[in-house]
Amino acid sequence: MVLVMSDTLTDKQAEFNDAMERYDRLRWIRWTSKLASFFNVALQLTLAALVLPISIGWAWQLAVLVVAYFVADLVNGWVHLYMDCSDTYRSMTGPFFAAFHLHHRTPRYRRRSLPLVYFEESGAKLWLVVVQLLMVAGLCLHLVSGVFAYFVLYFAVLSSVAEVSHYLCHTPQTRVGQLLARMGLLLSARYHARHHREDNVQYAFLNGMSDPLLNLLAQRFYTGYKTTTDTHYARYAGPETQNRG
């Protein structure tokens with residue numbers, strides 16, 4: 001049994017290294033993230049231009065914003081959970097999984113301006129490009145109501161803000177970041193540290209309000225990453241590639 005487990009781990013580590021070799025070698029992988037960054041931000045601006053002229057009243061605005069905050073925290077947290085635990089390195093998406101896993105060995109991120117973080121880290125969200133394209137099409141075809149249109153706009157923007165929130169947890173805390181964390185709008189570094197210190201908990205990274213639900217999903221359907229995907233990059237000697245997770 002020990003030999004089988006050892007062989008399985010060795011195989012996974014070899015698959016991980018192969019996936020990272022593809023990540024570094026294949027240009028289309030790099031361009032996929034760059035294009036996703038561009039389209040996500042461009043579509044957010046397009047949605048804003050289409051949606052903001054629509055009036056739904058301040059009460060609806062507030063209600064939609066609160067719901068969008070929770071859903072953005074939940075969806076982005078679940079994507080984080082899924083990526084942390086995925087190890088199909090031989091698949092077409094394998095290089096993205098492997099590169100994502102490296103964030104767990106990087107406690108401190110390089111300093112960047114927050115607008116740049118917002119733009120660059122939006123490239124991790126290929127699924128958000130699809131969501132926004134569908135919404136733009138729905139608005140242009142007059143198939144979407146004002147309330148739902150505002151929800152998708154807020155959800156899209158907050159999904160990118162979640163990346164900024166997570167980045168702030170891995171860099172020296174600014175006064176603004178600390179204030180927003182105390183207000184409950186973004187994560188605090190102390191709160192997020194539990195995700196890295198323990199296993200299979202607190203995957204949300206906008207402000208953490210959906211973590212009770214995410215923790216239940218993680219315990220029910222996933223085994224965590226510390227004894228699985230975290231062990232797969234032990235033999236990888238290449239550079240860090242990104243700061244997500």
Side-chain angles (χ1 to χ4, degrees), residues 8-9 12-13 15-16 18-20 22-23 29 32-33 35-37 39-40 68-106 109 120-134 152 155-156 158-167 169-170 187 191-233 236 240-245:
T8 300
L9 176 58
K12 278 298 180 183
Q13 290 173 340
E15 290 176 13
F16 180 94
D18 179 68
M20 285 306 305
R22 283 186 287 152
Y23 185 91
I29 293 178
T32 297
S33 295
L35 288 173
S37 293
F39 280 113
N40 270 327
Y69 233 103
F70 178 82
V71 176
D73 193 62
L74 175 65
V75 170
N76 286 275
W78 180 82
V79 171
H80 181 189
L81 167 60
Y82 175 78
M83 293 290 289
D84 269 2
C85 298
S86 296
D87 62 357
T88 54
Y89 303 123
R90 291 180 176 176
S91 66
M92 181 177 294
T93 54
F96 295 101
F97 293 142
F100 191 91
H101 294 162
L102 289 178
H103 74 265
H104 282 151
R105 73 174 189 180
T106 311
Y109 294 168
E120 289 185 340
E121 299 303 321
S122 293
K125 303 178 185 300
L126 298 175
W127 55 270
L128 187 58
V129 175
V130 177
V131 170
Q132 292 191 92
L133 280 173
L134 291 174
V152 174
F155 170 80
L158 288 168
S159 292
S160 293
V161 171
E163 299 292 345
V164 177
S165 176
H166 175 253
Y167 165 83
C169 290
H170 289 272
L187 285 184
Y191 178 90
H192 182 65
R194 187 183 172 205
H195 169 70
H196 293 273
R197 185 175 63 251
E198 301 179 22
D199 191 18
N200 212 28
V201 294
Q202 294 185 191
Y203 287 91
F205 59 105
L206 175 56
N207 70 343
M209 69 169 73
S210 66
D211 266 330
L213 177 56
L214 286 169
N215 288 342
L216 288 175
L217 292 174
Q219 292 165 16
R220 176 66 177 82
F221 298 105
Y222 296 90
T223 59
Y225 61 85
K226 286 190 179 296
T227 60
T228 55
T229 54
D230 262 16
T231 67
H232 298 162
Y233 57 72
Y236 175 69
E240 311 300 339
T241 59
Q242 61 185 30
N243 293 332
R244 303 183 194 97

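When a residue number appears, it is its place in the shown sequence, counting from 1. All values derive from a computational prediction rather than experimental measurement.
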For M83, is there any backbone N or O sitting under 3.5 Å from a side-chain donor or acceptor partner on H101?
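Judged by distance alone, yes, a pair lies under 3.5 Å.
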Under 3.5 Å donor-acceptor, S159 side chain and F155 backbone:
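Looks like yes, one N/O pair under 3.5 Å.
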In Å, rounded to the nearest 0.5 Å, how long is the span from CZ of F96 to CD1 of I29?
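Nearest 0.5 Å value for the CZ-CD1 distance: 5.0 Å.
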When rounded to the nearest 0.5 angstrom, what is the spacing between OG in S210 and CZ in F205?
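These two atoms lie 10.0 Å from each other.
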Using distance alone, with no hydrogens and no angle criterion, decide if [X] and [Y] have a side-chain donor and acceptor under 3.5 Å apart.
X	Y	result
Q132	N40	yes
T229	D87	no
D84	Y222	no

Option among D73, V75, L74 that satisfies the side-chain contact (heavy atoms from CB on, under 4.5 Å) test with V71:
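Single side-chain contact (heavy atoms from CB on, under 4.5 Å) partner of V71 among D73, V75, L74: V75.
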For Y89, run the side chain to side chain donor-acceptor pair (under 3.5 Å) check against E15, Q13, H232, K12 and tell me which one passes.
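Among the candidates, only H232 passes.
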Going by the side chain to side chain donor-acceptor pair (under 3.5 Å) test, name the single residue among Q202, R197, H170 that passes it with H192.
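Per the side chain to side chain donor-acceptor pair (under 3.5 Å) rule, the option paired with H192 is H170, out of Q202, R197, H170.
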Under 30°, 30 to 60°, or over 60°: which ring-plane class applies to Y82 and W78, parallel, tilted or perpendicular?
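It falls in the parallel class, under 30°.
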Are Y225 and H195, when compared by the centres of their aromatic rings, separated by less than 6.0 Å?
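Yes; H195 has its ring centre under 6.0 Å from that of Y225.
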